[in-house]
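Inspection log for the structure reproduced underneath, given as structure tokens.
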Amino acid sequence: MDMNQRWQRPLPDDRLTPYIEIDAERLEKNLQAMQEKASRAGVTLRPHIKTHKSLYIARRQRALGACGITVSKPSEGEVFIRGGERDILLAYPVIRAESIAALLKRAAEHQAKVTLIVDTPHGVAAIAEAQRQQPDADIAVAIKVDVGLHRIGIDPHRDDAAALAQAIQAAQLRFAGLVSHAGHAYGAGNRDAIAAIAQEEARLMQHVQNQLREAGFADCSVSVGATPTALAAPVAIGTDEIRPGNYALLDLTACRLGLSRVEELALSVIARVVAVNRHFIIIDAGSKMLSSDKGPHGTNASGFGVAVDENGVCYEVGKLSEEHGFIPWQDSAPSVGALLRIYPNHSCAVMAQSDSYVLRHADGRAETQPIDARGRFL
């Protein structure tokens with residue numbers, strides 16, 4: 001990471017530290033840029049809110065034109081339905097009817113549509129049972145395709161899609177098309193390699209789509225989702241929907257992959273120096289604030305973030321304990337009590353650690369916003 005770039009210094013503040021700060025202007029620019037890309041390509045944008053878990057940010061995304069949201073877990077979806085969202089994709093496999101019972105009850109109460117994903121007949125049976133238990137819920141079911149991450153999804157090189165779509169139909173569930181997540185793009189290393197993954201994802205999705213059309217499923221939409229592919233490549237022809245999440249805040253991983261500039265990073269952590277010795281500068285942000293994430297899916301950074309002091313001097317956070325960050329001592333060091341702005345490796349992991357964040361406006365105003373779906377892991 002180039003320490004000579006124009007990193008933003010911490011602003012004078014007497015708040016207790018550590019805390020998350022989100023730059024409102026950078027956030028808005030990031031949201032607008034992705035919405036404009038989707039609109040130019042003629043596709044819908046369904047952002048993944050696991051990145052920010054914030055009703056405030058989700059409402060900004062919807063106000064700019066997003067068609068709905070993507071969530072990771074059922075309890076996360078409940079929070080956003082209560083907060084006003086009415087079109088949700090749960091991008092996590094359902095294997096037990098009980099896991100989505102509360103979500104479907106909430107959806108029925110608020111007339112919200114929920115799209116679920118499957119990659120096995122087992123999942124179809126679980127969703128069908130949940131629908132029987134909550135017949136008023138508006139449910140659709142999409143097939144997840146494994147385009148290279150090898151985590152969840154049908155093998156696109158086999159002919160499983162048609163049989164699974166027929167199982168969905170036989171269970172009297174509404175078929176919602178295909179979804180994919182090219183998360184392995186994070187491990188690709190550079191923008192060109194990520195663009196190649198996006199092209200391969202499009203090819204595989206079109207192949208499965210053609211299989212389904214030949215089997216009689218003419219209405220088969222394609223939804224793809226990952227910030228690296230969304231930033232590195234044009235939206236592929238034949239795509240109907242994109243579902244990036246990290247683009248809203250960005251982080252050092254995006255910078256290392258050549259997908260973002262430092263001045264686009266909307267999220268940082270404000271911390272204070274609590275001790276200085278001949279070995280380390282110690283700060284009050286440890287793994288419980290910065291997370292111990294070195295980047296998703298194989299990016300594997302050397303440290304845990306870039307820290308910027310009030311003079312614009314940059315340091316790498318070298319290691320963490322639960323409540324402390326360790327910055328290797330240099331020839332000069334900030335004094336005890338000094339503020340540091342830390343840019344983390346992975347913004348999604350940082351947002352999941354706290355109950356709130358400070359939204360900092362261009363005129364210096366700051367307001368505290370809740371991280372509404374924090375701690376929703378079921």
Side-chain angles (χ1 to χ4, degrees), residues 8 10-28 30-31 47-61 69-73 75-80 82-83 227 245-254 265-274 282-296 301 303-308 317 319-327 339-361 365-378:
Q8 189 178 28
L11 297 174
D13 200 328
D14 59 1
R15 297 171 194 268
L16 295 176
T17 54
Y19 62 86
I20 295 170
E21 184 172 290
I22 293 179
D23 186 302
E25 185 176 23
R26 293 182 179 189
L27 169 67
E28 190 72 10
N30 293 343
L31 300 185
H48 206 318
I49 57 78
K50 73 177 179 66
T51 292
H52 54 73
K53 295 178 176 279
S54 162
L55 286 172
Y56 171 87
I57 298 177
R59 287 167 183 157
R60 286 302 309 143
Q61 291 170 314
I69 63 169
T70 307
V71 301
S72 285
K73 293 296 181 74
S75 59
E76 202 173 59
E78 289 183 68
V79 171
F80 282 84
R82 287 198 301 269
T227 287
N246 185 266
Y247 78 95
L249 303 177
L250 298 172
D251 48 34
L252 292 186
T253 296
L265 301 182
L267 178 143
S268 58
V269 171
I270 306 300
R272 288 188 187 276
V273 176
V274 296
I282 306 298
I283 58 176
D284 59 3
S287 62
K288 288 181 178 177
M289 171 57 77
L290 297 172
S291 90
S292 55
D293 199 326
K294 288 196 170 186
F304 297 94
V306 171
V308 189
V317 181
K319 66 177 184 175
L320 301 173
S321 56
E322 290 182 27
E323 309 293 353
H324 302 85
F326 294 69
I327 297 172
L339 287 176
L340 297 179
R341 183 185 299 278
I342 304 166
Y343 291 97
N345 292 324
H346 192 181
S347 60
C348 308
V350 171
M351 287 294 281
Q353 307 277 90
S354 294
D355 291 327
S356 63
Y357 62 93
V358 173
L359 184 67
R360 180 78 64 177
H361 296 275
R365 289 182 300 114
E367 58 186 280
T368 300
Q369 291 282 349
I371 301 176
D372 305 270
R374 191 258 179 186
R376 301 289 174 153
F377 302 120
L378 295 177

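- The shortest heavy-atom contact between Leu340 and Ile327 is CD1-CD1, 3.8 Å.
- Scanning both residues, Ala285 and Leu290, for their nearest heavy atoms gives O-CD1, 3.8 Å.
- Between Arg60 and Glu28 the shortest side-chain heavy-atom distance falls below 4.5 Å.
- Inter-residue side-chain proximity for Asn30 and Glu25 is flagged as unmet; no heavy-atom pair is nearer than 4.5 Å.
- By the 4.5 Å heavy-atom criterion applied to side chains, Gln8 and Ser268 are not counted as neighbours.
- Shown here are the salt bridge (charged side-chain N to carboxylate O under 4.0 Å, His left out) partners of Asp13, two or more places apart in sequence or in another chain: Arg15, Arg360.
- Residues Leu267 and Pro344 are in side-chain contact: their nearest non-hydrogen atoms beyond the backbone lie under 4.5 Å apart.
- Distance check: Met289 CE to Ile283 CD1 gives 10.5 Å after rounding to the nearest 0.5 Å.
- In this structure, Arg26 contributes its side chain and Leu265 its backbone to a donor-acceptor pair below 3.5 Å.
- To the nearest 0.5 Å, the span separating OG on Ser72 from NE2 on His48 amounts to 3.5 Å.
- Here the closest non-hydrogen pair linking Leu27 and Ala248 is CD1-O, 3.5 Å.
- Using a cut-off of 4.0 Å between Lys/Arg side-chain N and Asp/Glu carboxylate O, Arg341 and Glu21 are scored as salt-bridged.
- By the 6.0 Å contact criterion, CD on Glu367 is enclosed, its count of non-hydrogen atoms from other residues, nucleotides or ligands being greater than 12.
- Between the CD1 atom in Ile20 and the CD1 atom in Ile270 there is a gap of 10.5 Å [rounded to 0.5 Å].
- For the pair Lys294 and Phe304, the cation-pi test (distance below 6.0 Å, angle within 45°) is passed.
- Around atom CG of Leu378, no more than 12 heavy atoms belonging to other residues, nucleotides or ligands sit under 6.0 Å away.
- Arg374 places a side-chain N or O within 3.5 Å of a backbone atom of Gln353 that can act as its donor or acceptor partner.
- In this structure, Lys319 is positioned above the aromatic face of Phe326, its NZ or CZ under 6.0 Å from the six-membered ring centre and within 45° of the axis.
- Nearest heavy-atom pair, Pro10 versus Leu339, reported as atom, atom and distance to 0.1 Å: CG-O, 3.5 Å.
- Distance alone, capped at 3.5 Å, places no donor-acceptor pair between the Ser287 side chain and the Leu320 backbone.
- A donor-acceptor distance shorter than 3.5 angstrom exists from the side chain of Asp284 to the backbone of Arg272, with no hydrogens or angles considered.
- Side chain to side chain, Thr51 and Asn246 fail the donor-acceptor criterion of an N or O pair below 3.5 Å.
- Across Pro18 and Val269, no two heavy atoms sit closer than the pair CB-CG1, 4.3 Å.
- Taking both residues in full, the closest heavy atoms of Phe80 and Lys53 are given as CZ-C, 3.6 Å, listed atom of the first, atom of the second, then distance.
- Put simply, the side chain of Tyr56 reaches to within 4.5 Å of the side chain of Leu359, judged on heavy atoms.
- Scanning for side-chain contact (heavy atoms from CB on, under 4.5 Å) contacts around Asp372 gives Ser54, Leu55, Val79, Pro370, with sequence neighbours left out.
- Of the charged side-chain nitrogens involved, at least one lies within less than 4.0 Å of a carboxylate oxygen, so that Glu323 and Lys288 count as a salt-bridged pair.
- Between the side chain of Asp23 and the main chain of Ala266, no donor-acceptor pair closer than 3.5 Å is present.
- In this structure, the side chains of Ile342 and Val306 stay at 4.5 Å or more apart for every pair of heavy atoms.
- A donor-acceptor pair is defined here as one N or O able to donate and one able to accept, closer than 3.5 Å; such a pair exists between the side chain of Thr227 and the backbone of Tyr247.
- Side-chain N/O atoms of Gln61 and His52 include a donor and acceptor closer than 3.5 Å.
- In this structure, CG in Leu31 is found 8.0 Å from CG in Leu249, a value given to the nearest 0.5 Å.
- No side-chain donor-acceptor contact under 3.5 Å links Ser291 to the backbone of Val350.
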